[in-house]
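Notes to accompany the following structure.
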Amino acid sequence: MLRLRLLTWDVKDTLLRLRQPVGQSYAAEGQAHGVRVQPEALSCSFRQAYGAHSQHFPNYGRGQGLSSRQWWVDVVKQTFRLSGVHEDGLLTVLAENLYRDFCSASNWEVLPGASETLGHCRQRGFRMGVVSNFDKRLEKILLQCNLRHHFDFVLTSEDTGFAKPDGRIFEQALRLGGVLPEQAAHIGDDYSRDYRAARAVGMHGFLLRAAGQEEEPAVPPEHVLPTLSHLLALIEK
């Protein structure tokens with residue numbers, strides 16, 4: 001049985017997921033303002049815009065003088081430009097509305113088993129924290145989705161200035177949790193940013209792997225979660 005005192009959690013695609021593809025949300029916002037663009041085209045444009053902006057301004061431009069709000073507004077505007085929409089005033093309205101809307105539970109849903117698993121972990125007496133590559137909206141999103149009360153702290157890459165797999169964001173979580181690395185475990189869905197990065201600083205790691213997802217050969221079966229509901233059984237084994 002692992003002697004754990006702190007559990008840290010990734011959020012996107014571990015505890016929460018988008019209710020619909022980004023392209024559908026963007027297309028609906030465009031349509032509300034008389035702009036008709038196919039969701040598939042917007043999804044493709046979003047991947048391009050997001051990838052380029054992440055490369056040029058990593059971690060929401062925190063180290064380059066950008067606010068995360070401006071970072072996202074620029075991504076949304078470029079997404080629509082790549083899809084053929086160029087009117088500046090309209091682009092500003094679309095971007096500001098979408099930035100606000102993605103704070104809402106209407107765009108996010110809790111993954112199956114997440115609320116129950118978090119509740120059971122709290123009942124077992126674990127300290128709990130979030131370690132997520134996310135911007136400052138995450139606190140509000142967790143509140144809207146009725147998950148914030150499970151956590152002692154929420155650490156985002158924008159808050160700390162370090163994005164996973166940088167070990168410094170995990171080290172800050174350990175300091176906040178008041179524990180040694182071997183007394184903590186991180187749960188997430190990404191092999192490099194969650195599982196391997198947490199283990200690199202001496203923490204335990206559990207990798208949430210959806211059915212049909214490609215297996216990572218370096219992950220022992222006892223570290224793999226088919227669903228979040230399997231977590232406590234693996235910890236207490």
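At a cut-off of 3.5 Å, with distance as the only test, no side-chain donor of Lys136 or Thr156 sits close to an acceptor on the other residue. Side-chain contact annotation: Ser83 with Ser45, donor-acceptor N/O pair under 3.5 Å present. Residues Thr117 and His120 have side chains that never bring a donor and an acceptor to within less than 3.5 angstrom of each other. Residues Ser25 and Gln20 have side chains that bring a donor and an acceptor to within less than 3.5 angstrom of each other.
Exactly one of Met203, Gln183, His204 qualifies for a side-chain contact (heavy atoms from CB on, under 4.5 Å) with Leu4. That residue is His204.
To the nearest 0.5 Å, atom CD of residue Gln48 and atom CD of residue Gln78 are 8.5 Å apart.
Under the 4.5 Å side-chain heavy-atom criterion for ILVMFWY residues, a single connected hydrophobic cluster contains both Phe102 and Val130. Both Phe46 and Tyr60 belong to a single network of hydrophobic side chains, linked directly or stepwise wherever heavy atoms of I, L, V, M, F, W or Y lie under 4.5 Å apart. There is a path of hydrophobic side-chain contacts, each under 4.5 Å, that joins Leu7 to Phe134. Cluster membership check: Trp9 does not share its hydrophobic cluster with Val201, using side-chain heavy-atom separations under 4.5 Å among Ile, Leu, Val, Met, Phe, Trp and Tyr. Hydrophobic clustering, with ILVMFWY side chains joined whenever heavy atoms are under 4.5 angstrom apart, groups Trp108 together with Leu208.
Within the 4.5 Å cutoff, no side-chain heavy atoms of Thr14 are placed close to those of Leu111. The closest side-chain heavy-atom distance from Ser104 to Gln144 is below 4.5 Å. With a 4.5 Å cut-off on side-chain heavy atoms, Val219 and Arg209 count as touching. Side-chain contact between Val22 and Leu42 is absent, with no heavy atoms from C-beta onward closer than 4.5 Å. Two residues are said to be in side-chain contact when any heavy atoms from C-beta on lie closer than 4.5 Å; Arg5 and Val179 meet this criterion. Between His230 and Phe206 there is no side-chain heavy-atom pair separated by less than 4.5 Å. In this structure, the side chains of Leu118 and Leu15 come closer than 4.5 Å at one or more pairs of heavy atoms. In this structure, the side chains of His149 and Arg122 stay at 4.5 Å or more apart for every pair of heavy atoms.
Contact record, Pro165 with Ser192: CB-O, 3.7 Å, taken as the closest heavy-atom pair. In terms of heavy atoms, Lys140 sits closest to Cys103 at CD-CB, 4.0 Å. Between Ala27 and Val37 the shortest heavy-atom distance is CB-O, 3.6 Å. Residue Thr160 comes nearest to Gln172 through the heavy atom pair CG2-OE1, 3.7 Å, listed as atom of the first residue, atom of the second, then distance. The minimum heavy-atom distance linking Ile169 with Leu155 is given by the pair O-CD1, 3.7 Å.
Phe80 is linked by a ring pair (Phe, Tyr, Trp, His ring centres under 6.0 Å) to Tyr26, counting only residues two or more places apart in sequence or in another chain. Considering only residues two or more places apart in sequence or on other chains, His53 meets the ring pair (Phe, Tyr, Trp, His ring centres under 6.0 Å) condition with Phe57, Trp71. Under the rule for a salt bridge (Lys or Arg N to Asp or Glu O under 4.0 Å), the partners of Arg127 that lie at least two apart in sequence or sit in another chain are Asp152.
Taking the six-membered ring for Trp and the full ring otherwise, the centers of Phe170 and His186 sit less than 6.0 Å from each other.
Annotation: Glu96, atom CD; neighbour count of heavy atoms from other residues, nucleotides and ligands within 6.0 Å is above 12. In this structure, Arg193 places its CZ atom where only 12 or fewer heavy-atom neighbours from other residues, nucleotides or ligands lie under 6.0 Å away.
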For this session: Could you walk me through whether Glu109 and Leu16 pass the side-chain contact (heavy atoms from CB on, under 4.5 Å) test, one step at a time?
Result: CA-CA 6 Å; Glu109 63 183 357; Leu16 297 175; over 6 Å; no
Problem set entry | Full working for side chain to side chain donor-acceptor pair (under 3.5 Å) between Gln70 and Asp74 | CA-CA 6 Å; Gln70 187 58 54; Asp74 291 344; 2.7 Å; yes
